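For reference, the structure discussed in these notes is given below.
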Amino acid sequence: MSRPLSAAAVAHPNLALIKYWGQTNAERNLPANDSLSVNLSGAQTRTEVRFTSALTDDDITLNGVAADAETRKRVTAHLDRVRALAQIPLRARVTSRNDFPAGAGIASSASAFAALSLAASHAAGLKLDASALSRLARLGSGSACRSIPDGFAYWPTGPETEAYARQLAPPEHWELRIITTYFRRTAPKMVTSLEGHRAAPTSPFYRARLAQLPQRLARARNALLDRDLETIGPLVEREAISLHAVAMTSQPVGHPEISGIYYWAPETLAVIHAVQRWRRDGVPVYFTLDAGASVHLLCEAATQPTVEARLTSLLEDLHGTYFISRPGRGARLVA
Ligand code: DP6
């Protein structure tokens with residue numbers, strides 16, 4: 001096996017249209033339900049990995065700063081998976097940079113583990129196909145598996161052999177715009193998505209959500225393939241609210257101070273209300289939320305200027321800002 005020993009890769013975060021919430025296997029990040037996503041071209045992680053005999057420990061720098069203990073543990077565990085697969089004993093220098101601000105409500109772990117998986121496996125001399133790479137990324141962060149293929153992805157439940165993301169449609173399939181809003185004044189979230197997944201089954205609504213999902217996903221998938229925003233928009237909104245209804249009624253372990261997980265901030269609800277008003281005025285724009293206060297808006301390219309004009313004045317009041325994405329490419333090696 002030839003080993004380049006160093007490689008660099010980029011990946012985008014992805015936004016789930018039908019979301020992953022709850023697991024059947026927490027160690028291996030096997031999801032309790034199928035999910036559907038789109039890569040966000042407007043945000044990117046670039047990661048460089050260099051295996052070297054000069055190090056006795058992995059050296060991990062994120063956005064120019066040495067990684068904290070928790071992150072180090074997670075990244076080293078991921079490098080260990082690559083080392084085991086490639087039978088390479090060397091420690092690595094990892095340098096990773098996001099071009100989007102931390103606290104923007106974008107889970108950087110999806111793009112981070114997608115880029116890390118590709119850069120580290122290539123540097124170690126592994127030639128993983130897209131499904132093996134997606135499975136590897138999943139072990140680092142569940143949703144990272146969906147940042148491997150280009151464009152729109154589908155990640156089914158199932159055993160290890162099936163639990164990887166497949167491309168549902170390429171980026172150019174649909175001239176969709178995703179407008180990600182975030183707020184400067186919201187506090188960091190109190191409960192991580194990992195804790196949220198684990199708490200989900202404690203919600204009395206969790207089973208009901210899982211029972212609804214196959215039908216919702218099938219309809220959303222068809223609407224996506226048909227580029228039918230008026231059909232997929234309400235499905236995506238109801239899906240996000242369903243996840244948050246479960247979160248708000250679930251009890252995370254180790255958090256006796258809270259009753260239910262509230263990822264929303266007052267600004268979240270203000271944007272949701274505004275989107276509903278804009279739609280009443282005839283503007284076809286829809287919202288979705290992940291495990292955070294940020295709101296992502298979906299519209300077609302032709303509607304973008306109208307949405308931006310309305311959003312700009314709303315966000316002034318909310319001390320918020322936004323960035324715009326198109327459906328993005330998957331993880332790829334760079335020079
Ligand atoms: C709400 O377990 O992938 O975004 O590893 O913390 O980034 P992190 O999250 P992960 O859960 C993502 C949950 C979600 C929904 C989704 O992306 O499907």
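For clarity, every value in this text was computed on a predicted model and none was experimentally measured. As the structure lists them, so they are numbered: ligands from 1, and atoms in each ligand from 1.
Shortest contact from atom 6 (O) of ligand 1 to any protein heavy atom: S193 OG, 2.7 Å. Atom 15 (C) of ligand 1 has its closest protein heavy atom at Y20 O, 3.5 Å. The closest protein non-hydrogen atom to atom 7 (O) of ligand 1 is S109 OG, 2.2 Å. Of the protein's heavy atoms, H197 NE2, 3.6 Å lies nearest to atom 10 (P) of ligand 1.
Judged by distance alone, the side chains of T192 and E195 do bring a donor and an acceptor atom under 3.5 Å apart. A donor atom on one side chain and an acceptor atom on the other are not found under 3.5 Å apart for S250 and S203. A donor-acceptor contact closer than 3.5 angstrom is absent between the side chains of S41 and H12.
The aromatic rings of F113 and H78 stand perpendicular to each other, their planes meeting at an angle above 60°, with 30° marking the opposite boundary. Taking the six-membered ring where tryptophan is involved, the planes of H244 and W264 are tilted, since the angle between them lies from 30° to 60°.
One hydrophobic cluster, built from ILVMFWY side chains closer than 4.5 Å, cannot hold both F51 and V334; they sit in different ones. At a threshold of 4.5 Å between side-chain heavy atoms, the hydrophobic network of Ile, Leu, Val, Met, Phe, Trp and Tyr places L243 and I232 in one connected group.
The shortest N/O to N/O separation between W21 and ligand 1 does not fall below 3.5 Å.
Figure legend: cation-pi geometry between R221 and Y154, with NZ or CZ positioned under 6.0 Å from the six-membered ring centre and within 45° of its axis.
Interface of A16 with ligand 1, defined as ligand atoms under 4.0 Å from a residue heavy atom, comprises 16 (C), 17 (O), 18 (O). Of all atoms in ligand 1, numbered sequentially from 1 with element shown, those under 4.0 Å from a heavy atom of A291 are 1 (C). Every atom of ligand 1 is numbered from 1 in the order shown, and the set under 4.0 Å from a heavy atom of D290 is 4 (O).
Within the 4.0 Å heavy-atom criterion, both parts of S143, backbone and side chain, lie near ligand 1.
In the candidate list S37, G140, S141, S141 is nearest to atom 5 (O) of ligand 1, counting heavy atoms. When R138, K19, R146, R74 are checked for heavy-atom proximity to atom 17 (O) of ligand 1, R146 turns out nearest.
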